[in-house]
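Residue numbers start at 1 and run along the sequence shown.
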Amino acid sequence: MAEQNLPTDKNTLSKFYQDTIDYHRDYLNRLHEAFNKHCEAIGAKAKEQLGQIDESDEEKRKEILTAEQKELDEALNQLKTAINQNNAEARKKLEEIQNKIEESAMDLEAELAKL
């Protein structure tokens, strides 16, 4: 994948680096909140379903709890996938920025060596 057009100024690159980290952290927080809300909704639905059946109906209760666990497992898998994808994207972007910073430092060293 082609490197994006990054600024050449070291201060701007450093700010972009920090902004990327901050955005990634915010995204993970929003993802975590959404995951928690989704899990709470799954639990509330199961609780409502359990409240509508007789406590002695163990088979139906087990069925509801199994379905709840399946939904929770699916939500967790989706969360893991989203986190892994976002981590990979953030890591790639940070590496590009770091490479550009190092490239700028090498250019400066080369200019200083000419003096």
Side-chain angles (χ1 to χ4, degrees):
M1 187 182 285
E3 185 175 303
Q4 59 181 326
N5 292 329
L6 293 172
T8 55
D9 176 70
K10 186 176 179 179
N11 291 332
T12 305
L13 284 168
S14 294
K15 182 176 178 348
F16 190 51
Y17 190 91
Q18 187 59 48
D19 289 348
T20 301
I21 291 170
D22 292 342
Y23 176 82
H24 180 62
R25 184 180 302 118
D26 290 343
Y27 174 80
L28 291 176
N29 285 334
R30 289 190 314 269
L31 192 62
H32 184 251
E33 289 173 15
F35 173 75
N36 285 343
K37 286 180 184 177
H38 184 60
C39 290
E40 287 172 9
I42 291 169
K45 183 178 88 174
K47 186 176 180 178
E48 180 183 329
Q49 290 173 339
L50 288 170
Q52 295 175 358
I53 62 167
D54 189 69
E55 287 189 31
S56 63
D57 191 348
E58 289 297 322
E59 187 175 319
K60 185 67 175 172
R61 294 179 76 73
K62 184 176 180 179
E63 184 180 305
I64 291 169
L65 293 173
T66 300
E68 176 191 29
Q69 188 61 52
K70 183 179 177 184
E71 284 186 69
L72 290 171
D73 289 344
E74 184 178 315
L76 182 59
N77 286 333
Q78 290 172 350
L79 175 68
K80 287 178 182 179
T81 298
I83 288 172
N84 288 338
Q85 287 174 342
N86 190 262
N87 282 346
E89 290 169 8
R91 187 178 315 109
K92 183 179 183 309
K93 186 181 289 187
L94 292 172
E95 286 173 356
E96 288 175 358
I97 296 167
Q98 186 63 38
N99 288 340
K100 189 72 170 185
I101 289 171
E102 290 171 2
E103 180 182 296
S104 296
M106 284 188 270
D107 289 346
L108 181 60
E109 288 175 14
E111 290 298 316
L112 288 173
K114 290 179 184 177
L115 298 175

Original post:
CG/N87 to OH/Y27 distance, rounded to the nearest 0.5 angstrom?
Top reply: 10.0 Å
Subject >> Residue pairs, two or more places apart or on separate chains, that pass salt bridge (Lys or Arg N to Asp or Glu O under 4.0 Å) and touch residues 13-31 >> reply: K15-D19, D22-R25
Original post:
Are L28 and I21 connected, step by step, through hydrophobic side chains (Ile, Leu, Val, Met, Phe, Trp, Tyr) whose heavy atoms are closer than 4.5 Å?
Top reply: no
Subject >> Value rounded to 0.5 Å, distance of NZ in K100 from CG in L13 >> reply: 7.5 Å
Original post:
With a 4.5 Å heavy-atom cut-off, do Q85 and T81 have their side chains touching?
Top reply: yes
Original post:
Does the side chain of E102 pick up a donor-acceptor pair with the side chain of Q98 at under 3.5 Å?
Top reply: yes
Original post:
Q69 and D73: side-chain donor and acceptor closer than 3.5 Å?
Top reply: yes
Subject >> Approximate separation, where rounding is to 0.5 Å, of N29 CG and H24 NE2 >> reply: 10.0 Å
**OP:** Quick one: closest heavy-atom pair of F16 and I97, and the distance?
**Re:** CD2-CD1, 3.2 Å
Subject >> Value rounded to 0.5 Å, distance of CD1 in I101 from CG in N11 >> reply: 9.5 Å
Under 3.5 Å, which donor-acceptor pairs link side chains of residues 31-47 to any protein atom two or more places apart or in another chain?
from: K45; atom 1: NZ; to: E71; atom 2: OE1; distance (Å): 3.4
from: K45; atom 1: NZ; to: E71; atom 2: OE2; distance (Å): 2.9

Cut-off 3.5 Å, no hydrogens considered: what does the side-chain donor-acceptor table look like for residues 50-65, sequence neighbours left out?
from: D54; atom 1: OD2; to: S56; atom 2: N; distance (Å): 3.1
from: D54; atom 1: OD2; to: S56; atom 2: OG; distance (Å): 2.1
from: D57; atom 1: OD1; to: K60; atom 2: N; distance (Å): 3.2
from: K60; atom 1: NZ; to: E63; atom 2: OE2; distance (Å): 3.3

Original post:
Could K92 and E95 be called an ion pair, given the rule that one side-chain N must be under 4.0 Å from one carboxylate O?
Top reply: no
